[in-house]
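Source: prediction; values computed, not measured.
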Amino acid sequence: MTSYKSDFLNILEARGFIHQCSDFDALDAKLMDGVQSAYIGFDATADSLHVGSLVQIMMLYWFQQSGHKPITLMGGGTTKVGDPSGKDASRKMLDEVGIEKNINGIQQIFTKYLKYGNGDTDAMMVNNADWLDQLNYVDFLRDYGPHFTINRMMTFDSVKLRLEREQPLTFLEFNYMILQAYDFVELNRRFETILQMGGSDQWGNIINGVELGRRTDGAGLFALTTPLLTTASGAKMGKTADGAVWLNADKLSPYDYWQYWRNIEDDDVGRFLKLFTTLPMDEIAKLEALQGAEINETKKVLAFEATKLCHGEKAAQEAQNTAAKVFEQGSVGDDLPSITIDTARLAGGISVLDLFVETGLTESKGEAKRLIKGGGAKLNDNKIEDQELSASDSDLTDEGYIKLSAGKKKHALVKIA
């Protein structure tokens, strides 16, 4: 393992964050020369981020913990254009109101991982609309256009893959990489930012900024990227069969978030402990060594620590307690997903197919039927055999709920108003 002088690069190397760097030695030396600032950009395409963005957030966390100043750059301007990187089609265009709503949702996440304020190492939240919205297009083209060649831009994977698949790449999207490069220059001018970080798919865009800063301002800028993160089976992080694993509690409950980490593949446990928790490396080494049934206890540690970072210690403890009640004690916990329905409606009988859809355990009645046919649907822990079954108030437990289960790991409660 490579050894560096700076704490930041040593931490990232040990935990498996590093893929590429424009100049390791020069960046290492710069990080030893007082407090530095680095940034990662996040476009506002949704009102939350999912766990696919968590590697980047953790890089900012460790940057601050190493005594430096992280910047979270919100793409209020670039969201209007759309990054073609890794996309098969043009991004849906959002208006100003939609972008602002999404930014407000995303900002809530960063405060869980970073300390914001006015101190030397306090994080900053910046919006690139502050400068991109003010650009004069002709002046911008004249000043910065000569530094980009179409020949080179055509070699970037984000462009090349779309063209190879004969999928449209608009002129609007083609401008994205120029605007992202300009962001780096602008941040360096305003805040002396010297480092941009991101996923490996952003390498070309980040290098553009490094080179533009050198050509226009003679600035010494750096690029640092993380590996493409997939699960041991090759699946992309952040997506499951049930949809995205969102970081905002109003889009995915802390309990479901805990369950996501608890149910990861065995081969991912050690790697994910390094990337997604702040546990000391010696403790992680001990947990990694556990085998057989003990690996489930390691997964619980991962689930607790990851949930604590994202949702707080109280929510993590509640999720863990609920899981213990459901899976180990055969009862239920208050933290299980639930819906509340009118007493009169339940008294008249409700199709279990409707309840599976309303609780979110299945996406459709068709999926619920397949679940019943496969033997994976249960009502109050009893297997449902009949697709025409209706639930009524007679199915309420003494505690006043109906428990629905989809397989062994997904449960929800139906409560009455």
Side-chain angles (χ1 to χ4, degrees), residues 37 39-50 52-54 56-57 60 70-114 116-117 123-145 148 158-159 162 167-191 193 196-199 201-202 205-206 208-209 212 238 243-244 246-252:
S37 88
Y39 83 101
I40 297 177
F42 300 87
D43 278 346
T45 54
D47 57 0
S48 175
L49 300 174
H50 57 65
S53 298
L54 202 49
Q56 278 68 54
I57 296 174
L60 292 172
I71 295 177
T72 45
L73 178 67
M74 301 309 303
T78 43
T79 301
K80 300 170 187 174
V81 177
D83 181 5
S85 301
K87 307 294 189 301
D88 291 335
S90 297
R91 176 185 288 172
K92 179 184 176 183
M93 300 301 289
L94 298 172
D95 59 20
E96 297 275 1
V97 175
I99 291 173
E100 186 63 29
K101 174 180 176 291
N102 289 347
I103 287 176
N104 290 337
I106 293 171
Q107 285 176 339
Q108 300 171 27
I109 299 166
F110 296 123
T111 58
K112 306 285 183 66
Y113 295 86
L114 302 171
Y116 287 85
M124 290 179 61
M125 187 84 68
V126 181
N127 189 334
N128 64 13
D130 292 347
W131 54 83
L132 294 183
D133 284 357
Q134 311 305 318
L135 289 178
N136 179 298
Y137 185 62
V138 174
D139 288 345
F140 181 73
L141 283 180
R142 182 192 62 200
D143 294 341
Y144 298 98
F148 297 86
S158 58
V159 174
R162 287 273 284 275
Q167 293 160 333
L169 180 71
T170 68
F171 179 71
L172 184 67
E173 292 172 295
F174 210 58
N175 276 270
Y176 185 92
M177 60 185 74
I178 301 177
L179 296 178
Q180 184 173 333
Y182 180 72
D183 282 344
F184 201 171
V185 173
E186 193 69 34
L187 286 169
N188 179 254
R189 290 172 179 172
R190 292 178 179 226
F191 310 113
T193 304
Q196 182 183 175
M197 303 182 290
D201 62 328
Q202 292 295 316
N205 287 342
I206 299 174
N208 272 338
L212 185 62
W246 298 106
L247 301 181
N248 281 21
D250 60 349
K251 293 180 74 71
L252 186 76

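S48 places a side-chain N or O within 3.5 Å of a backbone atom of N248 that can act as its donor or acceptor partner. Here the side chain of T79 pairs a donor or acceptor atom with the backbone of A44 at under 3.5 angstrom. With N127 contributing its side chain and D130 its backbone, the two residues share no donor-acceptor pair below 3.5 Å.
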Q. Given Y39 and F184, is the ring-ring contact (aromatic ring centres under 6.0 Å, His included) satisfied, shown in steps?
A. CA-CA 9 Å; Y39 83 101; F184 201 171; 5.4 Å; yes

(Q) I'd like to know whether D139 forms a side chain to side chain contact (heavy atoms under 4.5 Å, CB included) with Y144, so could you lay out the CA-CA distance, the side-chain angles of the two residues, the decisive distance to 0.1 Å, and finally the verdict. (A) CA-CA 8 Å; D139 288 345; Y144 298 98; over 6 Å; no

Q: Report the C-alpha distance between T78 and L132 in whole Å, list the side-chain angles of each, state the deciding distance to 0.1 Å, and finish with yes or no for side chain to side chain contact (heavy atoms under 4.5 Å, CB included).
A: CA-CA 8 Å; T78 43; L132 294 183; 3.8 Å; yes

Q: Take F110 and M74 through the side chain to side chain contact (heavy atoms under 4.5 Å, CB included) test and state the conclusion after the steps.
A: CA-CA 11 Å; F110 296 123; M74 301 309 303; 3.7 Å; yes

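The side-chain heavy atoms of L247 and L252, taken from C-beta on, include no pair separated by under 4.5 Å. Side-chain atoms of L114 and T72, non-hydrogen and from C-beta on, do get closer than 4.5 Å to each other. Side-chain contact between Q202 and M197 is absent, with no heavy-atom pair separated by less than 4.5 Å. Put simply, the side chain of M124 does not reach to within 4.5 Å of the side chain of Y116, judged on heavy atoms. For the pair L187 and L73, the minimum side-chain heavy-atom distance is below 4.5 Å. Within the 4.5 Å cutoff, side-chain heavy atoms of L49 are placed close to those of F42.
Going from atom CD1 of I109 over to atom CG of L54 covers 9.5 Å, rounded to the nearest 0.5 Å. Atom CG of residue D47 and atom CG of residue D250 lie 6.5 Å apart, to the nearest 0.5 angstrom. To the nearest 0.5 angstrom, N128 atom CG is 8.0 Å from L179 atom CG. Atom CD1 of I206 and atom CD of Q196 lie 4.0 Å apart (nearest 0.5 Å). A distance of 8.0 Å separates CG in N208 from CD1 in I178, rounded to the nearest 0.5 Å. The CZ atom of R190 lies 11.0 Å from the CD1 atom of I71; values are rounded to the nearest 0.5 Å.
Contact between G76 and I103 at its shortest, heavy atoms only, is CA-CD1, 4.0 Å.
Aromatic pair Y182/F140: centroids less than 6.0 angstrom apart.
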